Structure formats: structure tokens, C-alpha cells
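To start, the structure under review is shown below, and the notes come after it.
All chains are named by letter (A, B, ...) in the order of the sequence lines, taking the proteins before the strands, and each is independently numbered beginning at 1. Bear in mind that the values here come from a model prediction, so they are computed numbers and not experimental data.
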Amino acid sequence: MIFKTISKKDFNKFLEILIENNNFFAPQKIAKDKNKKPIYDLREIKNIGDIDFNYDIIKYPPRRFFLPYREVISSFKIENNTWEQNIGYETKVPRVLLGLHPCDINSLNKLDKVLLLGDYPSPYYAIRRKNTFIIGMDCEPKPFCFCRSVGTHTVQHGCDLFLIEIGDSYFMEIFSNIAFDFLKKVKTKDTTKADDDEYKRIRKLKTEKFSAKVDVTDLTKILDMEFQSDVWKEWGDRCLGCGSCARVCPTCYCYGIEEKIDLKFQNAGKLKILHACTLVDFAEVAGGFNFRPEKHIRLKYRYYHKHRGFVEAYEESLCVGCGRCGQACLAGITVPEVISSIRE
Amino acid sequence: MQYLGVDLVKPKAAFFDFSSCEGCQLQIANNESNLLDFISLMEVINFREILTGGKDDYEIAFIEGSITRDDEINRVKNIREKTKILVAFGTCACFGGINKLKNKFNDIEWVKKEVYGNYPVETNDKVLAIDEVVKVDFYIYGCPVNKPEVEAIVQSIALGREFRYLKHPVCFRCKEKQNICLYELGKICMGPLTRAGCGARCPSNGNSCIGCRGPAAEPNIEFMKKIMKKNGFTERQIRDKFELFSAFKWEK
């Protein structure tokens with residue numbers, strides 16, 4: 001690992017270079033909630049002054065830049081009884097994402113395991129992942145964050161650069177040679193003993209600030225034991241079946257495919273739409289049969305995919321502990337509460 | 001016309017309006033960019049808004065509006081006898097719509113006076129949805145109907161293919177647009193209960209979902225009422241949302 005420090009002034013110069021040559025996305029204030037608290041999300045930025053460095057969390061996960069909610073994966077031009085297929089992978093201007101927190105960077109690492117390193121790598125995902133430069137930033141744990149419980153509160157890889165604020169400078173972890181080469185354009189300093197100590201102090205302080213916890217000890221086994229538990233029914237009674245949890249989840253990758261034809265019957269396309277396992281029509285197949293007709297069972301399988309199936313396959317949870325699903329759920333179904341009710 | 005060697009079905013279609021604002025029919029004439037392609041999927045033989053005259057040998061009848069007078073009852077029964085497929089077209093036809101708010105009042109004379117003053121008006125005591133009078137084969141929801149969805153439905157008919165309605169609530173589509181939940185902004189919204197398929201148009205423009213498409217396949221109505229109350233909304237506010245289009249039952 002290469003560590004450097006950079007003054008905020010020099011870092012801004014660095015960002016200006018990036019903004020000029022790339023599609024640049026950074027946190028921005030997008031609304032205020034009913035208590036006048038600002039809400040932030042990633043937006044395309046043209047001027048450095050538009051970046052809001054005071055952001056707390058990014059409302060919608062960065063998954064959408066790599067795995068869009070809907071995309072045409074293949075299009076067809078139809079003439080008489082023949083057709084011509086066109087598969088266009090997106091290879092446009094390179095993209096920069098600024099301000100991703102460790103949970104979101106780790107969510108991409110988890111998606112990589114399935115979509116890059118799995119048996120059937122996705123070229124659609126790969127091209128976007130390779131084409132995106134990621135600058136991560138350290139964060140302040142919120143009351144609903146439980147990333148520490150699932151081991152995603154630190155970054156080992158998955159971004160190009162990671163920043164921790166130290167006074168008027170940033171302590172930088174340089175993960176990629178692209179980042180290293182880029183940084184030659186601005187002034188950086190080697191870290192000192194004092195910088196290292198400050199880094200350790202800040203990290204220790206952060207670790208102590210987590211209030212939400214999920215006990216994942218032996219969770220795969222406990223989930224197996226509690227497969228028939230009545231607790232699932234209780235949570236199912238609350239579930240609205242709206243799929244908001246999957247829409248705000250940084251790691252959900254399940255999808256459905258629809259065939260779209262234009263009204264002239266000359267062009268068609270396969271439209272891929274990210275789906276949600278809690279929806280009533282998620283497991284409905286041709287002919288109308290539904291493999292998961294019961295709401296509480298659909299909700300249960302959501303937890304089994306995240307906390308059991310994925311753990312068995314990849315030795316880690318598919319949940320990054322960002323807490324977005326619990327925040328988005330009007331019915332108040334949160335991961336820490338569900339898991340602890342299952343353990344009891 | 002063919003698609004991949006298979007002949008397309010081109011049904012003779014008719015559009016009829018009953019008690020309504022005729023806005024749903026107007027939607028048919030909207031979206032000019034592909035209007036000619038859309039209209040060519042059917043042989044439109046009876047459509048007062050865009051066609052002079054009209055024939056009666058239609059196979060598919062789109063019925064807009066609800067039933068508020070005796071002559072309308074006879075007319076819709078007559079259409080039912082002639083057509084192979086009868087489509088309830090739009091929220092008024094499907095549920096009774098705004099017109100059905102009248103049914104909440106016991107004194108019809110008071111209602112007439114309140115709405116029309118001294119102007120003489122012929123209207124039944126109770127408003128009926130189309131399926132309360134005749135058998136309906138297919139429902140197209142929305143106030144007004146969503147044109148892209150209508151296009152997809154009519155295209156399915158041409159292809160001889162089943163149209164699959166979305167069964168889940170509006171929230172799923174709303175979150176796809178990366179909107180901020182209206183409850184987070186302190187507003188009441190019917191999105192968690194209402195059938196998706198509108199592209200979450202109202203919440204995407206900062207307005208609460210008013211439930212015009214009626215309930216999703218398995219709406220969690222009782223728990224959602226509790227959530228609405230917990231979010232500080234009064235029973236009256238919640239009930240107004242539920243009853244606006246007569247699409248949601250208030251009582252258990």
C-alpha cells in the first residue's frame with residue numbers, strides 16, 4: 001500500500017483535472033426532509049463548487065452506475081423473417097465517482113465476485129467497472145449503520161483512492177496505478193509519523209462510534225435451524241411487498257428480462273430490469289404459477305440469500321450493513337431487528 | 001402485417017364514453033410521434049372523438065366512464081351483446097372513479113343541489129362501475145390511462161400474446177426513479193398500496209400518489225393505515241385518499 005497526504009487545496013486542483021476530462025459524479029444536496037435535514041445523493045458535477053463535502057450518506061447506492069435499474073442488453077432489427085442482432089456495451093467517456101463510503105466500495109467488491117469472477121461474467125458490468133475511477137471517503141457512523149458487524153467498515157480494495165480527512169489535508173490510500181499516475185500532476189507529500197498516528201487515532205475513534213450491531217456468529221446455522229420459525233410470519237405481516245428494500249440495496253442483482261417491440265414491428269429489444277424478491281410477481285412464471293406466493297416466505301428468502309446462501313458460496317455476507325433497506329422501509333423492517341428476532 | 005412470420009391480429013375496435021371527462025379517450029389520440037402506428041394496430045370503426053359516423057360490427061369495445069343513468073345501463077348492455085371483448089377503460093370504468101364519490105351521500109337531492117344548483121339534471125342515486133352492470137373482460141387502469149401501457153396492451157392483442165399486468169405497488173417504480181420517499185418529506189402517499197404501471201408519474205413530480213390505478217395485487221392495507229397514522233396523518237386524511245376513486249375499500 002502507498003500512503004500519501006495532500007492538502008485540500010491541491011486535492012481540489014486534482015479534482016479539477018478529473019472534472020475536465022471525465023463524467024464526474026459527487027455528493028450534492030438534493031432535498032430536505034420533513035425535519036429540514038438535508039438529503040444527499042451523487043449527481044453529475046461540472047464545477048468543483050457544486051460538490052457538498054459535508055454529506056453524510058449517499059441516498060441511492062452507487063450500484064446504479066454499474067448495474068442500472070433497466071437497460072437494453074440486446075436489440076434486434078427485424079426485416080421480414082430475418083433479424084440482425086446488435087449488442088452494444090457502453091464504452092463512452094470514463095467516469096469518476098467521488099465520495100463512496102467503505103460500505104458502498106465493499107458492495108461493488110461483492111458484486112464483482114458474482115458479475116466479474118463468477119461462472120458467467122457480465123460484460124455489461126465489466127465495462128462499466130473498468131471504466132470508472134472511484135475515490136472513496138471515510139465516514140461518520142450513523143445510528144443505523146452496522147457495517148462493522150459484517151466487516152465492511154474498512155476498505156481493502158475496490159477503489160482507486162481512499163481519503164481520510166486530517167485537518168486541512170487528506171490522508172490518502174492509493175490503491176491503483178492509475179491513481180498513482182494521476183496524482184503526479186499535483187503536489188502530494190509522503191506521510192509522516194504524526195500523520196500515521198493521526199490516521200490510527202481517527203480510525204479507532206470511528207470504530208467506537210458504531211451503535212447498531214448485528215451478531216453474525218453462526219448465523220448460517222441459526223438461519224437453517226429457524227427456517228420454519230413463526231417470526232418470519234410476523235415480519236411478513238408487516239411487509240408491504242413494495243420492493244423498496246431491493247431498490248435501495250447496494251448489492252441486489254436479481255433481474256427479469258422483457259421483450260420490447262416497437263409499434264412498427266421493425267425493432268425489438270431485450271430489456272433487463274432489476275427485480276426484487278419481495279414483490280408478489282418476482283417468482284411468477286409463464287402460465288401464472290407462482291413459486292413464492294406467500295409474502296413472509298419471500299421476505300425470508302431475501303434474508304437467506306443475503307445472510308446464508310451467499311455466505312456459503314463466498315464466505316462473506318451479501319449485506320454490507322449500510323442500513324438503507326431499513327431506512328427506506330415504511331413498515332420499519334430493519335436487518336438488525338430481523339436478525340436478532342431470529343436469534344432469540 | 002407480420003412479425004417474425006406470424007400474422008398479426010387486427011381487431012375491429014370501438015371506443016365509447018359514458019359518465020366521464022373523456023380524458024382517457026383523449027389519451028388515445030396523444031403521443032403523436034407513434035400515433036399512426038398505434039392506430040394501425042386496430043381497425044377503429046367507432047370513435048366519436050376522432051371519427052365521424054361509426055359502425056356496429058366491432059370485436060373489441062373500450063368503455064370509458066361509469067354508469068350514472070338508466071339509458072347508460074341499456075347502452076352498455078347493448079354494447080356487451082355486440083362485442084366479443086369488453087374493456088373497462090380508465091379508472092371511472094374500472095372502479096366508478098370520482099363520480100362514485102356521490103354514493104357516499106344518502107340524500108341525492110342535496111348532492112344535486114350542491115353540485116348543479118337549480119339546473120335540472122337526470123342522474124341515478126348510485127354510480128356503478130362497468131362490471132357492476134355487465135361482464136368486463138379486461139381492465140385498463142389509470143386517471144387518465146397511461147398511454148405507453150395502452151400501447152403495450154393493444155400490441156399484445158395484435159401479437160396474440162398475454163399482457164402481464166404489474167402486480168406490485170408503485171413504490172418499486174418510484175424508487176427506480178431515485179425519488180425521495182414522500183413520507184420522508186412529510187406527505188401522505190398511496191404508492192405503497194397502488195398498482196404500478198404508471199411509471200410513478202405523480203411522486204416523480206413531487207405529488208402524492210392518489211391511488212388512481214387501484215390496489216396492487218396484494219396490498220397490505222391494514223398495516224399501511226397504521227403506518228399512515230404513525231406518520232401523523234388523521235383518519236380523515238387517510239380516508240380521503242382511499243375513497244377518492246372508490247378503488248380502495250375503506251371498511252375491512
Side-chain angles (χ1 to χ4, degrees), chain A residues 30-37 39 41-42 59-61 64 68-70 76 78 80-83 236-248 258-266 268 273-276 278-282 284 286-288 290 293-295 327-332, chain B residues 1-6 8 31 33-41 151-152 154-155 158-159 161-162 164-187 189 191-193 196 206 216-224 226-228 230-232:
Chain A
I30 56 158
K32 274 185 185 169
D33 73 7
K34 58 185 171 188
N35 302 318
K36 304 269 180 276
K37 209 176 98 13
I39 299 169
D41 202 0
L42 292 178
K59 190 74 184 171
Y60 280 87
R64 65 188 191 267
Y69 288 107
R70 56 179 67 207
F76 302 88
I78 297 150
N80 301 321
N81 288 351
T82 61
W83 67 83
D237 286 344
R238 299 172 69 146
C239 179
L240 300 167
C242 69
S244 291
C245 47
R247 278 295 189 235
V248 301
E258 280 178 25
E259 189 186 7
K260 290 279 175 199
I261 311 164
D262 75 348
L263 291 176
K264 283 188 166 73
F265 296 92
Q266 289 168 352
I273 304 172
L274 290 190
H275 222 282
T278 50
L279 301 185
V280 61
D281 32 11
F282 175 72
E284 202 180 67
N290 195 338
E294 289 167 287
K295 203 165 49 166
Q327 291 299 297
C329 183
L330 287 171
Chain B
M1 200 154 62
Q2 284 195 326
Y3 177 66
L4 298 176
V6 178
L8 299 177
N31 207 1
S33 61
N34 62 12
L35 183 60
L36 291 177
D37 295 327
F38 172 70
I39 290 293
S40 69
L41 294 177
E151 288 167 358
V154 171
Q155 192 182 48
L159 289 163
R161 183 189 275 189
E162 185 192 1
R164 282 188 63 195
Y165 253 120
L166 298 177
K167 294 184 171 176
H168 50 259
V170 171
C171 291
F172 188 61
R173 302 281 147 173
C174 189
K175 292 284 187 304
E176 178 179 329
K177 300 255 167 100
Q178 294 153 52
N179 295 324
I180 304 301
C181 182
L182 287 168
Y183 283 94
E184 210 169 322
L185 301 176
K187 293 184 187 171
C189 181
L193 298 174
E218 282 180 19
N220 195 346
I221 287 179
E222 290 316 309
F223 197 70
M224 193 59 215
K226 283 184 194 160
I227 294 169
M228 287 169 164
K230 209 180 143 200
N231 275 271

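- With a 4.5 angstrom heavy-atom cutoff, B:Leu36 does not touch chain A via any of its atoms.
- Expressed to the nearest 0.5 Å, how far NZ of A:Lys34 lies from CD1 of B:Ile180 amounts to 13.5 Å.
- Heavy atoms only, all atoms of each residue included: A:Asp237 and B:Asn220 are closest at O-ND2, 2.8 Å.
- Proximity to chain A (any heavy atom under 4.5 Å) is shown, for B:Leu185, by both the backbone and the side chain.
- Heavy atoms closer than 4.5 Å to chain B are found nowhere in A:Cys245, neither backbone nor side chain.
- Heavy atoms of B:Leu193 lying under 4.5 Å from chain A are absent altogether.
- Remark: B:Lys175 NZ to A:Tyr60 OH distance equals 5.0 Å, nearest 0.5 Å.
- Note that SG of B:Cys174 and CZ of A:Arg247 are 11.0 Å apart. Values are rounded to the nearest 0.5 Å.
- The part of A:Pro293 that comes within reach of chain B is its backbone (N, CA, C, O), which places non-hydrogen atoms under 4.5 angstrom from that chain.
- Using a 4.5 Å cut-off between heavy atoms, A:Ala276 touches chain B through backbone and side chain atoms alike.
- When heavy atoms are compared at a cutoff of 4.5 Å, B:Ala158 approaches chain A solely by way of its side chain, counted from C-beta outward.
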Using the side-chain contact (heavy atoms from CB on, under 4.5 Å) rule, take B:Met224 and A:Leu330 through it: C-alpha gap first, then chi angles, then the decisive distance, then the call.
CA-CA 8 Å; B:Met224 193 59 215; A:Leu330 287 171; 4.0 Å; yes
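- If you measure heavy-atom distances from A:Ala268 to chain B, the contacts under 4.5 Å come from the side chain alone.
- In this structure, B:Glu218 contributes its side chain and A:Leu279 its backbone to no donor-acceptor pair below 3.5 Å.
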Could you go step by step and tell me if B:Lys177 and A:Tyr69 meet the side-chain contact (heavy atoms from CB on, under 4.5 Å) rule?
CA-CA 9 Å; B:Lys177 300 255 167 100; A:Tyr69 288 107; over 6 Å; no
When you look at B:Gln178 and A:Ile30, which way does the side-chain contact (heavy atoms from CB on, under 4.5 Å) test go after all the steps?
CA-CA 11 Å; B:Gln178 294 153 52; A:Ile30 56 158; over 6 Å; no
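- What you find for B:Pro169 and A:Gly241 is that their closest heavy atoms are CD-O, 3.3 Å.
- Salt-bridge annotation for B:Arg164 and A:Glu258: absent, with no side-chain N of the basic residue lying under 4.0 Å from a carboxylate O of the acidic one.
- Only the backbone of A:Asp262 comes within contact range of chain B, with at least one heavy atom under 4.5 Å from a heavy atom of that chain.
- At a 4.5 Å heavy-atom cutoff, the contact between B:Leu4 and chain A is made by backbone and side-chain atoms alike.
- Residues forming a salt bridge (charged side-chain N to carboxylate O under 4.0 Å, His left out) with B:Lys230 (at least two apart in sequence, or on another chain): none.
- Residues satisfying the ring pair (Phe, Tyr, Trp, His ring centres under 6.0 Å) criterion with B:Tyr183, sequence neighbours excluded, are absent altogether.
- Interface remark: of the candidates A:Gln266, A:Lys32, A:Gln327, A:Glu259, A:Glu259 forms the most heavy-atom pairs closer than 4.5 Å to chain B.
- Among A:Lys59, A:Arg70, A:Lys260, the residue with the largest count of heavy-atom pairs under 4.5 Å with chain B is A:Arg70.
- Going from atom CZ of A:Phe282 over to atom NZ of B:Lys167 covers 15.0 Å, rounded to the nearest 0.5 Å.
- From B:His168, atom NE2 reaches atom CG of A:Leu240 across 14.0 Å, with rounding to the nearest 0.5 Å.
- Between atom CD of residue B:Gln2 and atom CD1 of residue A:Ile78 there is a gap of 12.5 Å, rounded to the nearest 0.5 Å.
- The two residues B:Phe223 and A:Arg238 make their nearest non-hydrogen contact at CD2-O, 3.4 Å.
- Between A:His275 and B:Phe172, the ring planes are tilted. Angles from 30° to 60° get that label.
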